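Just so you know, these numbers use all the heavy atoms, side chains as well, and skip hydrogens, waters and symmetry mates. All of these numbers come straight from a predicted model, not from anything done at the bench. Order of the sequence lines sets the chain letters (A, B, ...), proteins ahead of strands, with each chain counted from 1.
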Number of protein chains: 2
Amino acid sequence: MVSTPQAAPELSSDSKDRLRLWIRLLRANRLIEAELRERLRTTFDTTLPRFDVLAALYRAPDGMLMSDLSRFLLVSNGNVTGIIDRLAAEGLVLRAQRDGDRRTSIVRLTRAGEEQFRTMAAAHEGWIDALLGGVSGNDARRLATMLKTFRSNWEKQE
Amino acid sequence: MVSTPQAAPELSSDSKDRLRLWIRLLRANRLIEAELRERLRTTFDTTLPRFDVLAALYRAPDGMLMSDLSRFLLVSNGNVTGIIDRLAAEGLVLRAQRDGDRRTSIVRLTRAGEEQFRTMAAAHEGWIDALLGGVSGNDARRLATMLKTFRSNWEKQE
DNA sequence: GCCTAAAATTTTAGGCTTAAAATATTTGAG
DNA sequence: CTCAAATATTTTAAGCCTAAAATTTTAGGC
């Protein structure tokens with residue numbers, strides 16, 4: 001009798017493919033993130049979280065609440081507090097209350113913040129284009145579509 | 001002559017698609033990571049980095065050097081030191097020198113570490129399968145293949 | 001053998017991250 | 001009006017993360 005080569009109950013092929021997909025997604029992400037972090041640091045002496053915050057605020061000229069930022073960036077609210085503290089100390093963002101509600105603070109980019117973000121965003125676009133240069137336009141579109149579908153499904157079942 | 005409709009130099013369509021791809025990759029990653037972190041915490045009172053380290057060591061019964069771990073997990077070596085310190089304090093891993101080279105330390109899972117990892121890995125596989133359930137087997141395979149190609153290209157040009 | 005360079009790891013300082021507790025404010029039920 | 005619940009944010013404690021400096025050990029040139 002031929003012994004079966006595995007004792008554990010085997011995952012379906014699809015399950016294994018999904019696990020493999022997750023691992024590769026994670027690794028691709030880490031490779032790209034590490035490279036971006038390095039370039040942001042050496043070129044602009046800043047960090048990825050700071051860049052993310054500036055990018056979010058740039059798209060919101062009227063400002064955002066701390067909780068909006070937290071939700072949009074998928075990070076905790078306590079986390080946003082620290083990043084905004086540092087950006088404010090550098091004069092790149094501004095906290096304002098003038099809402100009638102003294103609990104909230106509306107955060108906005110300063111002029112300096114806008115300018116610095118524009119400079120960094122231009123470089124960032126170029127970096128991404130070069131780093132993902134190995135991905136054809138067609139593949140990029142297909143992948144992006146699949147990821148969008150994934151996110152829609154995810155949010156539906158939350 | 002037809003006037004060009006935009007003032008700013010426009011990115012090629014492919015460039016924009018690659019930027020969009022990166023943003024979606026990042027968001028998908030964060031959604032999944034946050035969910036896994038939460039489940040590892042509530043179910044096993046542990047963290048993703050700890051899990052990653054155990055997973056790496058599980059595949060290496062003869063142990064790994066600190067620098068192997070650092071390279072494999074794509075994190076800094078100083079970072080690995082702290083995680084291993086904590087895992088060792090909990091009795092899940094063991095540091096050994098017995099190499100002839102007193103600079104290196106070989107890290108191994110203990111029996112308890114192996115058992116705990118097996119338990120968590122089984123749950124982890126199920127979680128991923130459910131979380132990525134919205135991705136068909138075919139899409140998962142296609143995506144995984146593209147990501148593998150991406151990684152190969154990346155490493156070639158490093 | 002000696003001494004400098006290389007290699008492996010740890011330490012340090014600073015920032016990011018989270019969950020949970022604390023603070024401050026607003027809202028709404030009665 | 002009052003006060004408890006809800007909301008928005010900050011603080012806290014602990015862990016993760018990095019780059020750069022420091023430490024320890026090995027290897028190689030001479």
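- At the heavy-atom level, Leu74(A) lies under 4.0 Å from the strands shown only through sugar-phosphate atoms.
- Using a 4.0 Å heavy-atom cutoff across all strands shown, Glu38(A) reaches sugar-phosphate atoms only and no base atom.
- For dT26(C), the OP1/OP2 oxygens have a side-chain nitrogen or oxygen of Arg102(A) closer than 4.0 Å.
- Rounded to an integer number of Å, the gap from Leu40(A) CG to dG15(C) P is 16 Å.
- Across the protein-nucleic acid pair, Asn79(B) atom CG and dA20(D) atom P stand 16 Å apart, rounded to whole Å.
- One finds a salt bridge joining Arg39(A) and Glu35(A) here, because a Lys/Arg side-chain nitrogen approaches an Asp/Glu carboxylate oxygen to under 4.0 Å.
- Annotation: of the two residues near DNA chain D, Val75(B) and Arg95(A), the 5′-most nearest-nucleotide partner is Arg95(A).
- Across all strands shown, dT23(C) pairs with dA8(D); the Watson-Crick or G-U wobble distances both stay below 3.5 Å.
- Protein atom CG of Leu73(A) is 13 Å distant from nucleotide atom P of dC16(C), rounded to whole Å.
- Both Arg103(B) and Ser67(A) lie close to DNA chain D; mapped to their nearest nucleotides by heavy-atom distance, the more 5′-ward contact belongs to Ser67(A).
- Atom CE in Met66(B) sits about 13 Å away from atom P in dT18(D), given to the nearest Å.
- Comparing Asp101(B) and Arg41(B) along DNA chain C, the residue whose closest nucleotide (by nearest heavy atom) sits nearer the 5' end is Asp101(B).
- Pairing of dG29(D), defined by two Watson-Crick or G-U wobble distances under 3.5 Å, is identified with dC2(C).
- A straight line from CG of Asp45(A) to P of dT18(D) spans 18 Å, rounded to a whole angstrom.
- Between the side chains of Asp129(A) and Ser15(B), at least one donor N or O lies within less than 3.5 Å of an accepting N or O.
- Backbone-only contact: Leu65(A) has heavy atoms under 4.0 Å from sugar-phosphate atoms and none from a base.
- Within the 4.0 angstrom heavy-atom criterion, only backbone atoms of the sugar-phosphate kind lie near Ile83(B); the bases stay farther away.
- A salt bridge does not link Arg30(A) to Glu33(A): none of the charged side-chain nitrogens sits closer than 4.0 Å to a carboxylate oxygen.
- Taking side-chain N and O atoms only, Thr47(B) has a distance below 4.0 Å to OP1 or OP2 of dC16(D).
- Comment: Glu155(A) engages Arg151(A) in a salt bridge, judged by a side-chain N to carboxylate O separation of less than 4.0 angstrom.
- As a whole-Å value, the separation of Arg50(A) CZ from dT18(D) P is 16 Å.
- One atom, CZ of Arg37(B), and another, P of dC17(D), lie 9 Å apart when rounded to the nearest Å.
- Judged as a salt bridge (Lys or Arg N to Asp or Glu O under 4.0 Å), the pairs with a partner in residues 58-68 of chain B (not counting sequence neighbours) are, in order, Asp68(B)-Arg71(B).
- Arg86(B) places its CZ atom 12 Å from the P atom of dA14(D), with the value rounded to the nearest Å.
- Within 4.0 Å of Thr104(B), counting heavy atoms only, lie sugar-phosphate atoms of the nucleic acid but no base atom.
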